[in-house]
2 protein chains.
Amino acid sequence: MLQKADLDALDWKILRELQNDGRMTNVELSQRVGISAPPCLRRVRQLEKAGIIRGYRALLNAPALGYDVVAFCLIGLKHQADAELKVFAERTRNWPIVRDAWMVSGESDFLLHCVAPDLGTFQGFVIEDLTSAPNVDTVRTALTIRKVKEEGLVRIGQS
Amino acid sequence: MLQKADLDALDWKILRELQNDGRMTNVELSQRVGISAPPCLRRVRQLEKAGIIRGYRALLNAPALGYDVVAFCLIGLKHQADAELKVFAERTRNWPIVRDAWMVSGESDFLLHCVAPDLGTFQGFVIEDLTSAPNVDTVRTALTIRKVKEEGLVRIGQS
DNA sequence: GATGAAATATTTGCGCG
DNA sequence: CGCGCAAATATTTCATC
């Protein structure tokens with residue numbers, strides 16, 4: 001199976017292009033990275049099989065869909081036993097406003113990436129759902145003003 | 001141009017499927033949502049043209065690529081004048097460790113989503129780059145333990 | 001929204017560097 | 001051993017109803 005060390009510059013070029021446009025046709029991809037289509041497709045399939053490419057996803061425009069509020073919530077729990085953490089993690093999966101959630105270490109226990117139609121809905125979620133959920137100690141929120149960077153993974157270090 | 005209100009249940013089904021697998025062929029997509037291929041493709045193209053689908057992207061497996069550390073940084077600046085905010089935003093774009101960055105309101109001014117090969121690299125970034133950057137006041141970090149949710153946008157509310 | 005045909009892309013096998 | 005070429009297969013796309 002493919003390992004990180006096995007990736008050459010061509011593989012990283014492929015990854016860069018597919019992160020930019022995951023629906024690019026294989027022939028266009030092959031032209032961009034400078035090889036012909038068949039070996040290009042073989043590399044892509046290998047990257048997929050090795051799990052390096054986890055999948056492909058359409059990106060949606062939240063404001064165009066009526067979701068004007070994007071915010072992050074930092075949650076501190078009262079008790080951090082393993083079972084308690086799992087309970088809260090499961091809870092985040094049932095809140096449609098929460099798009100991504102991470103268990104973190106530091107001052108907080110969870111970080112939630114939230115999207116809501118308007119401020120009222122988000123505030124309602126914070127007050128009625130988050131703050132009043134069992135075992136929740138602290139809730140700090142950061143409303144986003146704008147996204148200033150959104151990029152895929154790149155090779156750090158060599159060349 | 002397509003507006004949020006114009007989206008029917010079929011459009012949302014399409015969006016859900018393409019968020020799950022952005023490389024699905026149009027014939028498979030059409031079967032999943034229960035219509036024939038041409039009208040399905042027409043809807044997808046409209047969603048793209050309206051900017052509701054912003055693009056497509058391959059998702060990479062960071063650990064498999066040797067990126068074991070994922071963390072969030074909350075940055076407070078000393079001065080938050082518009083020009084200063086722009087300078088810091090531009091700075092985030094030049095740090096390869098920073099994958100996504102948001103300007104936020106609240107206790108902090110920026111939130112950075114960071115990925116690094118190892119803890120030493122991340123700590124080096126925090127100390128040498130972040131903390132010592134001009135105008136940076138406070139840096140709080142939250143190392144992620146694991147991702148507990150990662151989902152696309154869904155329709156909140158009706159049906 | 002469905003049907004069928006034309007244009008294009010993907011995929012496979014085989015020879016070459 | 002992996003790359004490039006060319007034919008078979010599948011998909012996207014456009015006309016029309």
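Proteins come first, then strands; the chains are lettered A, B, ... in the order of their sequence lines, and each starts at number 1.
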Given that A/S36 and A/R23 both sit by DNA chain D, which one's nearest nucleotide is further toward the 5' end? A/S36
Select base, sugar-phosphate, or nothing to describe what A/T25 touches, counting heavy atoms under 4.0 Å on all strands. sugar-phosphate
How close or far is atom [atom2] of [N] from atom [atom1] of [X], stated in whole angstroms?
X: A/L29; N: C/dT11; atom1: CG; atom2: P; answer: 12 Å
X: B/K13; N: C/dG1; atom1: NZ; atom2: P; answer: 12 Å
X: A/N26; N: C/dT10; atom1: CG; atom2: P; answer: 5 Å
X: B/L41; N: C/dA7; atom1: CG; atom2: P; answer: 18 Å
X: A/I35; N: D/dG2; atom1: CD1; atom2: P; answer: 13 Å
X: B/M24; N: D/dT11; atom1: CE; atom2: C1'; answer: 15 Å
X: A/Q46; N: C/dT11; atom1: CD; atom2: C1'; answer: 16 Å
X: B/E48; N: D/dT13; atom1: CD; atom2: P; answer: 9 Å

Distance (rounded to the nearest 0.5 Å) between B/H113 NE2 and B/R99 CZ: 5.0 Å
Spatial distance of atom CD1 (A/I14) from atom SG (A/C40) [nearest 0.5 Å]: 4.5 Å
Are the side chains of A/F72 and A/L143 in touch, meaning some heavy atoms are under 4.5 Å apart? no
Result for side-chain contact (heavy atoms from CB on, under 4.5 Å) between A/L112 and one of A/T141, A/I75, A/I97 points to A/I75
Checking contacts here: which listed nucleotide ([options]) is nearest the side-chain heavy atoms of [X]?
X: A/P39; options: D/dC3, C/dA9, C/dG4; result: D/dC3
X: A/A37; options: C/dT11, C/dG1, D/dC5; result: C/dT11
X: A/R45; options: D/dC14, D/dT12, C/dT10; result: C/dT10

Tell me which of B/G34 and A/P38 sits closer to the 5' end of DNA chain C, going by the nucleotide each one is nearest to. B/G34
Tell me whether the OP1 or OP2 atom of D/dC14 has a side-chain N or O from B/R42 closer than 4.0 Å. no
May I ask you to decide if B/L18's main-chain N or O and B/D21's side chain share a donor-acceptor pair within less than 3.5 Å? no
